[in-house]
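Take a look at the structure set out below.
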Protein chains: 2
Amino acid sequence: MPETRIQSRNRAAILDAGLEVFSRYGFRGATLDQIAGEAGLSKPNLLYYFQSKEAIHRALLLQLMDAWLEPLRDIDPAGEPLDEMLDYVRRKLALSRDYPRESRLFANEILSGAPHIDDTLASTLRDLVDGAAALIADWVAEGRLAQVDPHHTIMSVWALTQHYADFDVQVRAVLDTDDPLRGAEAHLTKLFDRLLRPGA
Amino acid sequence: MPETRIQSRNRAAILDAGLEVFSRYGFRGATLDQIAGEAGLSKPNLLYYFQSKEAIHRALLLQLMDAWLEPLRDIDPAGEPLDEMLDYVRRKLALSRDYPRESRLFANEILSGAPHIDDTLASTLRDLVDGAAALIADWVAEGRLAQVDPHHTIMSVWALTQHYADFDVQVRAVLDTDDPLRGAEAHLTKLFDRLLRPGA
DNA sequence: CGTGCATTTTACCGATTGGTCAAATCATTG
DNA sequence: CAATGATTTGACCAATCGGTAAAATGCACG
């Protein structure tokens with residue numbers, strides 16, 4: 001039995017509402033009533049589509065992790081190292097701009113100790129990062145990137161790009177512009193260019 | 001009436017327990033029972049020392065903001081620009097190392113939209129940042145620092161240093177070392193040196 | 001139109017939430 | 001030791017939590 005139009009519409013509404021609420025208050029701080037209200041459904045109706053509060057949260061985390069790691073996968077080993085790295089930074093920043101709620105959802109999960117994605121974190125993510133780190137290490141060894149610690153460099157990209165989504169309130173309070181992400185791209189490009197550009 | 005020994009001991013225990021719980025689950029996700037249990041007190045006894053859940057949270061945020069902005073205040077306008085900036089980075093990183101719970105508490109507050117510190121964020125913090133940014137702008141104009149956006153540079157320091165505290169779980173999952181902060185200091189020093197060191 | 005299934009609602013459950021109150025206990029000082 | 005104020009406890013409250021059951025409603029299709 002395929003999914004009916006009404007099913008897919010309501011499921012989507014619930015996931016969107018869940019994303020809104022979970023990303024602001026974390027798993028424990030979010031309530032089903034809040035999510036139901038946001039989705040325009042009654043609470044029992046929510047639970048007709050998802051078995052539990054955790055099921056909604058799990059579905060959100062699952063669809064998140066994939067999209068979140070994609071920019072890392074898209075680094076081309078055959079490309080020009082510096083360009084590849086700067087493109088990676090820009091792709092990651094674009095994610096923060098276009099999916100700030102997903103970014104906050106992830107941040108909340110990590111802040112609370114990542115109780116729902118421990119295994120994924122230790123396996124999938126770890127493998128992907130190690131792969132990218134090895135690639136960077138090669139580029140460094142070949143003198144096509146400046147000397148850096150690959151793992152810390154990758155984490156710097158995450159930290160800097162996610163910051164603009166997760167700390168949006170603070171960023172706006174400090175920056176006094178309605179589009180903080182514009183200046184961010186120029187700044188981060190410059191930062192990573194100077195960090196990674198191989199010496200003459 | 002001065003504070004008795006038993007009062008200061010219990011208040012301290014409550015604040016410590018509150019810090020532990022609030023920093024993990026945010027304001028809404030934390031419960032008084034959890035905090036009471038962590039503090040080794042009964043819930044009514046908690047409320048004998050603090051009027052409400054919010055009062056505990058407010059006390060924590062208050063004592064946090066001051067310590068948190070101190071490194072920024074300690075930048076010496078008369079010092080050598082690059083050294084001052086790198087020292088600032090190291091001081092901020094030290095805060096993340098020594099007070100990870102405070103860092104997470106702050107992160108949780110910002111993630112949920114900073115409902116409890118909006119005014120402070122818009123005034124105190126803003127003024128301090130603007131002051132430091134002006135100083136950096138001067139140094140850049142004098143050619144004693146490389147060309148950077150001062151505001152974004154300050155936020156980069158925050159993003160990178162806080163990341164090691166707030167995303168500790170992820171950092172450890174990716175790095176596979178029991179002391180991630182050691183490598184972090186070397187990496188961040190290098191990163192900001194290359195970003196800020198004035199060209200020849 | 002009516003039958004059968006998908007959907008939604010109403011009413012409710014026990015557990016937990018933040019918080020109160022009065023009684024009991026403790027500690028200090030005269 | 002007595003007494004007085006500081007501290008702690010147990011019993012309790014209304015509201016809200018995640019979740020359930022069953023009845024009511026909507027909808028598609030013969």
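Order of the sequence lines sets the chain letters (A, B, ...), proteins ahead of strands, with each chain counted from 1.
One can place CG of Leu47(B) at 15 Å from P of dT7(D), the figure rounded to the nearest angstrom. Between Phe27(A) atom CZ and dC17(D) atom P the separation is 14 Å, expressed in whole Å. Remark: P of dC26(C) and CD of Gln7(B) are 18 Å apart, rounded to the nearest angstrom. Taking atom CD of Gln51(B) as the reference point, atom C1' of dG19(C) lies 12 Å away to the nearest angstrom. The separation between Gln34(B) atom CD and dT16(C) atom P is 13 Å, rounded to whole Å. Tyr48(B) has its OH atom 17 Å from the P atom of dT25(C), to the nearest Å. Here the C1' atom of nucleotide dG18(D) and the CZ atom of Arg28(B) are 14 Å apart, to the nearest Å. The distance from atom NZ of Lys43(A) to atom P of dC17(D) is 7 Å, rounded to the nearest whole Å.
One N or O on the side chain of Lys53(A) and one on the backbone of Phe27(A) form a donor-acceptor pair closer than 3.5 Å. Glu109(B) places a side-chain N or O within donor-acceptor distance of the main-chain N or O of His116(B), the cut-off being under 3.5 Å. Remark: side-chain polar atoms of Ser23(B) are not paired, donor with acceptor, to backbone N or O of Arg104(B) under 3.5 angstrom.
Side-chain proximity of Ser52(B) to dC17(D), dT7(C), dG19(C): nearest is dG19(C). Here the nucleotide nearest the side chain of Pro44(B), chosen from dT7(C), dT20(C), dT7(D), is dT20(C). Checking dT20(C), dT17(C), dT8(C) against the side-chain heavy atoms of Asn45(A) singles out dT8(C) as nearest.
When heavy atoms are screened at a 4.0 angstrom cut-off, Ala30(B) is found touching the sugar-phosphate backbone but no base atom. Within 4.0 Å of Leu32(A), counting heavy atoms only, lie sugar-phosphate atoms of the nucleic acid but no base atom. Residue-level contact check: Tyr49(B) touches the backbone only, with heavy atoms under 4.0 Å from sugar-phosphate atoms and none from bases. At the heavy-atom level, Ser42(B) lies under 4.0 Å from base atoms of the strands shown.
OP1 or OP2 of dT8(C) has at least one side-chain nitrogen or oxygen of Asn10(A) nearer than 4.0 Å.
Residues Asp16(B) and Arg101(B) are paired through a salt bridge, judged by an N-O separation under 4.0 Å between the basic side chain and the carboxylate. Using a 4.0 Å cut-off between a side-chain N of Lys or Arg and a carboxylate O of Asp or Glu, Arg172(B) and Asp168(B) qualify as a salt bridge.
Toward the 5' end of DNA chain D, the nearer of the two residues Leu41(B) and Arg5(A), judged by each one's closest nucleotide, is Leu41(B).
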